[in-house]
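Ligands are counted one by one from 1 in listed order, and the atoms in each one are counted from 1 as well.
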Amino acid sequence: MSDKQVAIVTGGSRGIGRAISLELANSGRRVAIVYKSNKEKAFGTLKEIENLGGEGDIFQADVTKWKDIEEVVKGVLTKWGRIDILINNAGITRDKLLLKMDEEDWDEVLDTDLKGAFICTRLIARHMIKNKDGRIVNIASVIGEIGNIGQSNYSAAKAGLIGFTKACARELSRWNITVNAVAPGYIDTEMTRVLDEDVKKEYLSRIPLGRFGKAEEVAKLVLFLVSEDASYITGQVINIDGGLVM
Ligand code: NDP
């Protein structure tokens, strides 16, 4: 077995996931970039990794589908023989006020942002258990802690992800697997670029550091959490939000 660690990053093709994939590859890990539909973006991230001398591959899969993730696990193990790190990052928003939110908006967000993390963790943790070692980082959100108008589905999913993180941290600790959540505030990605200018201005006025965050800043925190230096940190939710929530 190669001594290089292997990481799976869901939604690793763009935004925060892309930045995490690049950081992990730059630190010498092999990275499996999981994307749902935008192959071009996933391929672009892989090329960036390779241009920097790193190693990775792309895997098309929907995190809400057991079969898809089983195929990813099979593919990664066939290619590299091990899985050390899982970053549950894939996520979507379907914002609507509560009285306008239909079941489909609710289910789509809960399925992707919460159940997707369960499916990936459920299928990948067993390989970490075999190795008696592993790092899992769930990308939650400060919205899971404080709620937000128009995001009852997203707030519920991210709050659920925080609870899931703590339960998994307790269960998996005996095999030396740490499970933590990172809760970003407003980070400049495609997910947030679509927001109204008025909404953005309002958010900005509430951020003590006076700016939005960068995907790279979130990636650096994730890199720390998967490192040996973070070996005694588990079950934590670490906010990275310019002081928005304190
Ligand atoms: P983006 O919209 O930029 O990227 C989302 C990524 O998730 C894409 O790679 C997309 O793949 C993938 N994805 C979406 N649905 C699925 C699915 N069903 N199966 C597999 N992959 C999927 O999002 P961000 O980078 O902004 O957000 C990443 C994470 O960070 C999310 O969980 C989000 O909730 C969280 N977050 C973001 C914040 C922000 O301000 N941006 C703040 C707090 C939390 P494809 O392109 O192929 O569709």
Side-chain angles (χ1 to χ4, degrees), residues 8-23 31-46 48 56 58-73 86-95 107-120 123 137-148 151 153-162 164-165 181-195 199-200 203-204 206-207 211-219 221-222 237-242 244-245:
I8 294 180
V9 183
T10 68
S13 53
R14 56 192 171 91
I16 293 172
R18 169 187 163 276
I20 294 170
S21 297
L22 288 168
E23 275 303 333
V31 183
I33 300 162
V34 177
Y35 69 99
K36 184 183 173 189
S37 45
N38 196 332
K39 187 172 184 181
E40 216 174 293
K41 277 270 158 80
F43 197 64
T45 302
L46 176 62
E48 275 185 83
I58 58 173
F59 295 83
Q60 191 284 321
D62 182 338
V63 292
T64 70
K65 300 207 165 83
W66 289 94
K67 197 95 208 69
D68 283 14
I69 301 305
E70 274 165 7
E71 286 303 316
V72 171
V73 173
L86 167 63
I87 313 296
N88 284 311
N89 164 80
I92 57 166
T93 49
R94 296 286 179 267
D95 298 354
D107 286 346
E108 232 186 305
V109 169
L110 269 287
D111 280 356
T112 307
D113 297 21
L114 181 56
K115 190 175 171 190
F118 161 63
I119 291 174
C120 293
L123 291 174
V137 179
N138 297 323
I139 309 301
S141 167
V142 291
I143 301 304
E145 300 173 306
I146 60 171
N148 199 18
Q151 292 198 305
N153 50 0
Y154 187 73
S155 307
K158 295 299 186 179
L161 189 57
I162 289 172
F164 178 68
T165 300
V182 164
Y186 184 109
I187 308 299
D188 183 26
T189 69
E190 284 170 53
M191 182 181 269
T192 45
R193 265 168 227 154
V194 296
L195 293 174
V199 174
K200 284 190 197 172
Y203 280 151
L204 200 52
R206 288 194 281 145
I207 301 171
R211 66 173 177 86
F212 301 133
K214 298 184 198 123
E216 293 72 24
E217 291 173 309
V218 179
L221 174 56
V222 172
V237 184
I238 303 179
N239 289 9
I240 174 158
D241 62 359
L244 180 64
V245 178

**Taking every non-hydrogen atom, the tightest pair across Thr45 and Ser13** = OG1-O, 2.6 Å

What pairs of donor and acceptor atoms, side-chain ones from residues 137-148 against any protein atom, are under 3.5 angstrom apart with sequence neighbours left out?
{"residue": "Asn138", "atom": "OD1", "partner": "Asn88", "partner atom": "ND2", "Å": "2.8"}
{"residue": "Asn138", "atom": "ND2", "partner": "Thr165", "partner atom": "OG1", "Å": "2.9"}
{"residue": "Ser141", "atom": "OG", "partner": "Ile143", "partner atom": "N", "Å": "3.0"}
{"residue": "Glu145", "atom": "OE1", "partner": "Asn239", "partner atom": "ND2", "Å": "3.0"}
{"residue": "Asn148", "atom": "ND2", "partner": "Gln151", "partner atom": "OE1", "Å": "3.0"}
{"residue": "Asn148", "atom": "ND2", "partner": "Tyr203", "partner atom": "OH", "Å": "2.7"}

So what's ligand 1 close to, N/O to N/O, under 3.5 Å?
{"residue": "ligand 1", "atom": "2 (O)", "partner": "Arg14", "partner atom": "NH1", "Å": "3.2"}
{"residue": "ligand 1", "atom": "3 (O)", "partner": "Arg14", "partner atom": "NH1", "Å": "3.4"}
{"residue": "ligand 1", "atom": "9 (O)", "partner": "Gly11", "partner atom": "O", "Å": "3.3"}
{"residue": "ligand 1", "atom": "9 (O)", "partner": "Ser13", "partner atom": "OG", "Å": "2.7"}
{"residue": "ligand 1", "atom": "18 (N)", "partner": "Asp62", "partner atom": "OD1", "Å": "2.9"}
{"residue": "ligand 1", "atom": "19 (N)", "partner": "Val63", "partner atom": "N", "Å": "2.9"}
{"residue": "ligand 1", "atom": "25 (O)", "partner": "Ile16", "partner atom": "N", "Å": "2.8"}
{"residue": "ligand 1", "atom": "26 (O)", "partner": "Thr189", "partner atom": "OG1", "Å": "2.5"}
{"residue": "ligand 1", "atom": "32 (O)", "partner": "Asn89", "partner atom": "O", "Å": "2.7"}
{"residue": "ligand 1", "atom": "32 (O)", "partner": "Lys158", "partner atom": "NZ", "Å": "2.9"}
{"residue": "ligand 1", "atom": "34 (O)", "partner": "Tyr154", "partner atom": "OH", "Å": "2.5"}
{"residue": "ligand 1", "atom": "34 (O)", "partner": "Lys158", "partner atom": "NZ", "Å": "3.0"}
{"residue": "ligand 1", "atom": "40 (O)", "partner": "Gly185", "partner atom": "O", "Å": "3.4"}
{"residue": "ligand 1", "atom": "40 (O)", "partner": "Ile187", "partner atom": "N", "Å": "2.7"}
{"residue": "ligand 1", "atom": "40 (O)", "partner": "Ile187", "partner atom": "O", "Å": "3.1"}
{"residue": "ligand 1", "atom": "41 (N)", "partner": "Ile187", "partner atom": "O", "Å": "3.3"}
{"residue": "ligand 1", "atom": "41 (N)", "partner": "Thr189", "partner atom": "OG1", "Å": "3.1"}
{"residue": "ligand 1", "atom": "46 (O)", "partner": "Arg14", "partner atom": "NE", "Å": "2.6"}
{"residue": "ligand 1", "atom": "46 (O)", "partner": "Arg14", "partner atom": "NH2", "Å": "3.1"}
{"residue": "ligand 1", "atom": "47 (O)", "partner": "Lys36", "partner atom": "N", "Å": "2.9"}
{"residue": "ligand 1", "atom": "47 (O)", "partner": "Ser37", "partner atom": "N", "Å": "2.7"}
{"residue": "ligand 1", "atom": "47 (O)", "partner": "Asn38", "partner atom": "N", "Å": "2.8"}
{"residue": "ligand 1", "atom": "48 (O)", "partner": "Ser37", "partner atom": "OG", "Å": "3.3"}

**Asked** Lys115: what forms a salt bridge (Lys or Arg N to Asp or Glu O under 4.0 Å) with it, not counting sequence neighbours?
**Response** none

**Asked** Do you know the tightest heavy-atom contact between Asp111 and Thr64?
**Response** O-CG2, 3.4 Å

Side chains of residues 33-44: which donor-acceptor pairs under 3.5 Å do they make with residues two or more places apart or in other chains?
{"residue": "Asn38", "atom": "OD1", "partner": "Lys41", "partner atom": "N", "Å": "3.1"}
{"residue": "Lys41", "atom": "NZ", "partner": "Glu190", "partner atom": "OE2", "Å": "3.1"}

**Message:** Can you tell me how far apart CD1 (Ile187) and CZ (Arg193) are? Round to the nearest 0.5 Å.
**Reply:** 11.5 Å

